[in-house]
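I have placed the structure first, in the form of structure tokens, so that the comments after it can refer back to it.
Just so you know, residue 1 is the first one in the sequence shown, and it goes up from there.
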Amino acid sequence: MTVNWRRGLFRVWILVSAGWIMGWTIYLLLEGVQGSLSTRGDFIEVPILLFAPPVALWLFGFAAAWAIRGFEIER
């Protein structure tokens, strides 16, 4: 039985990213209800906080796959 690492790791990334975004969204909604998010800078930080780590993780995975492919023996 062969394993499709690319598809499996992509699905793991989707799940981790969705968990990250949902967790921070709930936290930020609760903070917004309490009135903690009031300045313009707070609202600019929200998309960065939500999406930058998942994108960085995807880029790291892409770079790691590229590096691992460099060890394959050429035929």
If you look only at distance, which donor and acceptor atoms sit under 3.5 Å apart when one is on a side chain in residues 19-27 and the other is two or more places apart or in another chain?
residue: Trp20; atom: NE1; partner: Leu49; partner atom: O; Å: 3.1
residue: Thr25; atom: OG1; partner: Ile21; partner atom: O; Å: 2.6

* **Criterion ring pair (Phe, Tyr, Trp, His ring centres under 6.0 Å) on Phe62 and Trp58, from CA distance to verdict** => CA-CA 6 Å; Phe62 185 74; Trp58 180 78; 5.7 Å; yes

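- Taken to the nearest 0.5 Å, the CG atom of Asn4 stands 9.0 Å off from the CG atom of Leu9.
- Connection of Leu50 to Leu30 is not established within any shared hydrophobic cluster, with ILVMFWY side chains joined at heavy-atom distances below 4.5 Å, either directly or through further cluster members.
- For the pair Asp42 and Leu37, the tightest heavy-atom approach, listed with the atom from each and the gap, is OD2-CA, 3.7 Å.
- Placement of Val46 and Val55 in two distinct hydrophobic clusters is found when ILVMFWY residues are connected by side-chain heavy-atom separations under 4.5 Å, directly or transitively.
- Note that OG1 of Thr39 and CD of Glu45 are 7.0 Å apart. Values are rounded to the nearest 0.5 Å.
- Among all heavy-atom pairs drawn from Pro54 and Phe51, the shortest one is CD-O, 3.4 Å.
- Taking both residues in full, the closest heavy atoms of Val16 and Leu57 are given as CG1-CD2, 4.3 Å, listed atom of the first, atom of the second, then distance.
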